[in-house]
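A short worksheet on the structure shown next.
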Amino acid sequence: PMDMEAIRQSIMKTNRALVATEDRKSGGFGGDILSRLSEECFDLLDAPPKRVTSTDTHVAFSRILEAEILIDAKKIYAAALEVAKY
């Protein structure tokens, strides 16, 4: 179960939402979280919610390609800056 009240309290502090998950963008759990945020916390948001996900492809066996596909701190930081600019 997801603690929507904790998420709501967090959004009330910043009026922003950023969901980061290693799941894929299409059909991933992050999309479900954003859907619930839009339904239940839309009036609290001052910027569009953003999600950082892995690329919509199979995870590669090569470490170099895997690093490109999966999320990392740099990708999350860039998304946070994008949400903060609103």
Side-chain angles (χ1 to χ4, degrees):
M2 189 167 44
D3 188 354
M4 280 304 293
E5 186 54 35
I7 294 171
R8 176 186 298 278
Q9 293 297 322
S10 178
I11 290 174
M12 288 174 67
K13 292 178 186 176
T14 63
N15 298 91
R16 307 277 192 279
L18 176 66
V19 176
T21 177
E22 283 192 350
D23 208 354
R24 293 186 183 111
K25 189 171 190 175
S26 298
F29 186 62
D32 187 52
I33 294 171
L34 287 183
S35 174
R36 290 197 51 193
L37 290 178
S38 295
E39 291 173 358
E40 300 177 26
C41 303
F42 183 77
D43 57 329
L44 300 173
L45 295 170
D46 288 342
K50 180 89 174 154
R51 71 181 144 160
V52 182
T53 63
S54 295
T55 308
D56 273 337
T57 187
H58 298 290
V59 176
F61 289 105
S62 164
R63 289 184 182 179
I64 296 168
L65 293 175
E66 182 183 43
E68 185 63 31
I69 292 168
L70 297 177
I71 66 172
D72 59 11
K74 290 178 184 178
K75 293 174 185 174
I76 295 170
Y77 182 72
L81 290 177
E82 190 175 320
V83 171
K85 73 179 179 182
Y86 282 93

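Values reported hereafter were calculated over all heavy atoms of this structure, with side chains retained and with hydrogens, waters and symmetry mates removed. None of these values were measured; they are calculated from a predicted model.
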Can you confirm whether T55 sits close enough to E68 that some side-chain heavy atom of one is under 4.5 Å from a side-chain heavy atom of the other? no

What about L18 and L34, same hydrophobic cluster or not, with Ile/Leu/Val/Met/Phe/Trp/Tyr joined at side-chain heavy-atom distances under 4.5 Å? no

Take a 6.0 Å sphere around CG of L81 and say whether it holds more than 12 heavy atoms from other residues, nucleotides or ligands. yes

Which heavy atom in E40 sits nearest to a heavy atom in R8, and how many Å separate them? O-NH2, 3.0 Å

If you count every heavy atom of other residues, nucleotides or ligands that lies below 6.0 Å from K25 atom NZ, does the total exceed 12? no

CD-CG distance between E22 and L70, expressed to the nearest 0.5 angstrom: 5.0 Å

Given the rule that I, L, V, M, F, W and Y join up when any side-chain heavy atoms are under 4.5 Å apart, are M2 and F42 in one cluster? no

May I ask you to test the M4-L37 pair for a side-chain heavy-atom distance under 4.5 Å? yes

Which pair of non-hydrogen atoms, one from S54 and one from I71, has the smallest distance, and what is that distance? N-CG2, 3.7 Å

Examine I33 and L45 and state if one hydrophobic cluster contains both, with Ile, Leu, Val, Met, Phe, Trp and Tyr joined whenever side-chain heavy atoms are less than 4.5 Å apart. yes

Closest approach of I69 to H58 (non-hydrogen atoms, all atoms of both residues): CD1-O, 3.4 Å

Locate the shortest heavy-atom distance separating T53 from D23; write the atom from each residue and the value. CB-O, 3.3 Å

Might you point out which heavy atoms bring G30 and V19 nearest each other, and give the distance in Å? CA-CG1, 3.9 Å

Hey, does the side chain of R16 reach the backbone of V83 with a donor-acceptor pair shorter than 3.5 angstrom? yes

Measuring only between side-chain heavy atoms, which start at C-beta, is D3 closer than 4.5 Å to I7? no

Indicate yes or no for a side-chain donor-acceptor contact from N15 to the backbone of L44 under 3.5 Å, with no hydrogens or angles considered. yes

Correct closest heavy-atom pair for R51 and G31 would be NH1-CA, 3.2 Å

